[in-house]
Visitor: 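Okay, handing you the structure first.
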Amino acid sequence: MEQQRVTIKTIESGTVADAYLALLADRGIDYLFANAGTDFAPIIEAYAKAQAHGTKVPKPVTVPHENVAIAMAQGYYLQTGRPQAVMVHVNVGTANALCGLINGWRGNIPVLFTSGRTPYSEEGGLPGGRSGEIHWPQEMRDQRAMAREFVKWDYELPNGQVLESAVDRALNIAMTEPRGPVYMTLPRETLAAPIENFRYASPSRHRTPSPAFPDSNAIDEAADLLAGAEFPLIITRSAGRVESDVAKLAALAERFAIPVFERKHHFMCMPANSPMHLGHNPESYFDVADVIVVLESDVPWVPKHKAPRPDCKIIHIRMDPIFANYPLRGFPCDLAITGIIGATLPALTEALAAREKQALLRIDSRRKRLAEAREKLNARVSANLEKVKNGSPIHPGWINHCINRVKGDDGIIVKEALTPSEHLNFTKPGTFYSLGQGGALGWGLGTALGMKAAAPDKLVICAVGDGSYMFGNPIPAHYVGKAEKLPTLTIIYNNEMWNAVRRNTRDVYPDGYAARSNREPLTYFEPGTHYEKAIEALDGYGEKVEDAAALPAALDRALERVSGGQQALLNVVCGTG
């Protein structure tokens, strides 16, 4: 790869805030998603100065809730591969952003998360010192401790002299595998401090480390196990995080007839039309599986419900195959391979090719068996659709089918509806996202907006449950959609309940009082909420749908509005499925 020529850029005079914004832009930060407070004064002044002078800086986006800001940065990264910056207001803004950070931490999604730090100078004399009553009660002894468990690195910028090193280190650590968010606090006095002849290298001379490649001995051991297996299978949740890895997984699975299951998947990991895509329920094959590859999956099964047979060999593959930051995770592991799957899958394919001849009879036999299994799977899915297409209330599977009809091959579905993904089929990487890996609801609306900002020519549909929609801070999200001209389509699966809470209560107490009541306390919403009115408040198009037969035409109307540049929302009243 040709090395870029490094030049030294100079900012002759200004403030640390001026230098900070210019440096971010130089490092590939396109956006600063921000929720401002009194700590932002130097940043706001620096932006106004940059606009007056034509200086290149990240585009500032006003986001009226911090979790929406984090989600937008997440969505933009997932479409571009470039982490973006978020800035919030001191400790209170950090508190509001924690849910988004938790998801980014568990999902290995890098974000340069920053906040102001309450001014610390009381007596005056320093630019940016305390000037309002709130600057005393807002100060904390250790503000960064609020987020420390959910970031890879935290730091407080002490002065302008270390600005380049601090920003580059933040981005290096965020982008080093396993990736994740980082946190830097920016005191107002530091940002307001004057600078003269601030110099920095462009591009950065602080390169992000290359990722670890797998150990060849471990690859050979895995190949021996797979080549000797009668019925191996692959379980994945996140193999499609890097889009180019999808083709590598499909090539391995199809050549050696190894079925792939996308169990509770976060990304499109395997083309739905591949003969080796066997759906989302690996547990149905645990009685016959003799080798299981757990590929980018933190929870490949729930032991309470069903586990592989005791003699089944388990191989875990990931940059961090044991998920070291999970306090407790005890899944069987006979072989753990550390390495990015983009390098591990081709190495494993090559090693299996060297053993293909002796395994050929098993491969051919398995291929025929899997073809029959796929036929049965497809027939069952089709039969299920026939059963539910005219259901009242509307069945979630019918909503999925109707979305599938209009999304096209390139449309992006952001799914925060906790319903099965049956009847949604994807053949291209980067078209399906079901994130929220840390369990914090409300990420969908903002993520969809971030993706639309990164891919303005693509259709972006946010499929979201009614509870998740409320968690997503819909008024702030729809405000950003209007202000930034980001027309997305939101489809609410409105079952008027927390179905996940209801389901888990019945799982723990199947014959309990709550189950017998058939209306478990704290799980139901009162009927009749007109979510479609929320988007109308921001000049969007909203419509309520209660009849299954009316949904296709409603979708067409909404998409016509989106194609014309207007954000739209369908409030689809449905059952639990």
Visitor: Can you name the closest pair of heavy atoms from Leu249 and Cys269 and give their distance?
Guide: CD2-O, 3.5 Å
Visitor: Please report the interatomic distance CG(Leu348) to CD(Glu350), rounded to the nearest 0.5 Å.
Guide: 10.5 Å
Visitor: I'd like to know if Glu422 pairs up with Arg380 as an ion pair, taking the criterion as any Lys NZ or Arg NE/NH1/NH2 lying under 4.0 Å from an Asp or Glu carboxylate oxygen.
Guide: yes
Visitor: Do Glu416 side-chain atoms and Gly442 backbone N/O form a donor-acceptor pair below 3.5 Å?
Guide: yes
Visitor: Are Tyr326 and Asp320 linked by a side-chain donor-acceptor pair shorter than 3.5 Å?
Guide: no
Visitor: With a sphere of 6.0 Å drawn around CZ of Arg205, does it hold more than 12 non-hydrogen atoms of other residues, nucleotides or ligands?
Guide: no
Visitor: Roughly how far, to the nearest 0.5 Å, is CD1 of Ile363 from CG of Leu352?
Guide: 7.5 Å
Visitor: CZ/Phe198 to OH/Tyr20 distance, rounded to the nearest 0.5 angstrom?
Guide: 12.0 Å
Visitor: Is it true that His265 and Phe432 have ring centroids separated by less than 6.0 Å?
Guide: yes
Visitor: State the CG-CG distance between Leu233 and Leu370, to the nearest 0.5 angstrom.
Guide: 9.5 Å
Visitor: Partners of Ala253 by side chain to side chain contact (heavy atoms under 4.5 Å, CB included), sequence neighbours excluded?
Guide: Val260, Met270, Met276
Visitor: Test of understanding: with salt bridge (Lys or Arg N to Asp or Glu O under 4.0 Å), list the residues that count as partners of Lys304, not counting sequence neighbours.
Guide: Asp507
Visitor: Mind checking what makes side chain to side chain contact (heavy atoms under 4.5 Å, CB included) contact with Asn273, not counting sequence neighbours?
Guide: Pro271, Thr427
Visitor: Taking atom NZ as the centre, does Lys248 end up with more than 12 heavy-atom neighbours from other residues, nucleotides or ligands that are less than 6.0 angstrom away?
Guide: yes
Visitor: Considering non-hydrogen atoms only, spot the tightest contact between Ala351 and Asp220 and give its length.
Guide: CB-OD1, 4.1 Å
Visitor: Just do the side-chain contact (heavy atoms from CB on, under 4.5 Å) check on Gln84 and Tyr77 with the steps written out, would you?
Guide: CA-CA 7 Å; Gln84 299 302 299; Tyr77 163 77; 5.7 Å; no
Visitor: Can Asp298 and Arg329 be counted as an ion pair, charged N to O under 4.0 angstrom?
Guide: no
Visitor: Enter the distance from Leu112:CG to Arg82:CZ here, rounded to the nearest 0.5 Å.
Guide: 14.5 Å
Visitor: Name all residues meeting the salt bridge (Lys or Arg N to Asp or Glu O under 4.0 Å) criterion together with Arg169; count only those two or more places apart in sequence or in a different chain, and write none if there are none.
Guide: none
Visitor: For Met319 and Thr338, work out which heavy atoms get closest and say how close.
Guide: O-CG2, 3.1 Å
Visitor: May I have the list of side-chain donor-acceptor pairs in residues 285-295 shorter than 3.5 Å, sequence neighbours left out?
Guide:
from   : atom 1 : to     : atom 2 : distance (Å)
Asp287 : OD1    : Lys306 : NZ     : 3.2
Asp287 : OD2    : Lys306 : NZ     : 3.2
Asp290 : OD1    : Phe231 : N      : 2.9
Asp290 : OD2    : Glu230 : N      : 2.7

Visitor: Roughly how far apart are Gln79 CD and Tyr433 OH, rounded to 0.5 Å?
Guide: 4.5 Å
Visitor: Check step by step if side-chain contact (heavy atoms from CB on, under 4.5 Å) holds for Lys407 and Leu489.
Guide: CA-CA 11 Å; Lys407 68 178 179 60; Leu489 171 59; over 6 Å; no
Visitor: Which atom names give the shortest non-hydrogen contact between Thr80 and Ala454, and what distance separates them?
Guide: CG2-CB, 3.6 Å
Visitor: Looking only at side-chain N and O atoms, does Tyr200 offer a donor or acceptor that is under 3.5 Å from a partner on Asp26?
Guide: no
Visitor: For Ile8, is the CD1 atom crowded, meaning more than 12 foreign heavy atoms sit under 6.0 Å from it?
Guide: yes
Visitor: How about Leu252 and Ile234: do any of their side-chain heavy atoms sit closer than 4.5 Å?
Guide: yes
Visitor: Between Thr7 and Ser202 (side chain of the first, backbone of the second, donor and acceptor by atom type, cut-off under 3.5 Å), is there such a pair?
Guide: yes
Visitor: Can you name the nearest heavy-atom pair linking Ser297 to Phe323, along with the distance?
Guide: O-CE1, 3.5 Å
Visitor: For residues 98-108, which side-chain N or O atoms pair as donor and acceptor with protein atoms under 3.5 Å away, sequence neighbours left out?
Guide:
from   : atom 1 : to     : atom 2 : distance (Å)
Asn103 : OD1    : Gly438 : N      : 3.0
Asn103 : OD1    : Gly439 : N      : 3.3
Asn103 : OD1    : Ala440 : N      : 3.2
Asn103 : ND2    : Ala440 : O      : 2.8
Trp105 : NE1    : Glu149 : O      : 3.2
Arg106 : NH1    : Asn325 : O      : 3.4
Arg106 : NH1    : Asn325 : OD1    : 2.6
Asn108 : OD1    : Arg318 : NH2    : 2.3
Asn108 : ND2    : Arg179 : O      : 3.0

Visitor: Which heavy atom of Glu164 sits nearest a heavy atom of Ala201, and at what distance?
Guide: OE2-N, 3.1 Å
Visitor: Would you call Asp409 and Lys428 a salt bridge, taking side-chain N to carboxylate O under 4.0 Å as the test?
Guide: no
Visitor: State, yes or no, whether a side-chain contact exists between Asn499 and Leu418 at a heavy-atom distance under 4.5 Å.
Guide: no
Visitor: Is atom CD1 of Ile322 surrounded by more than 12 heavy atoms (other residues, nucleotides or ligands) closer than 6.0 Å?
Guide: no
Visitor: Quick one: do Ser238 and Glu296 satisfy side-chain hydrogen bond (donor to acceptor under 3.5 Å, both in side chains)? Show the steps, please.
Guide: CA-CA 5 Å; Ser238 300; Glu296 281 279 352; 4.9 Å; no
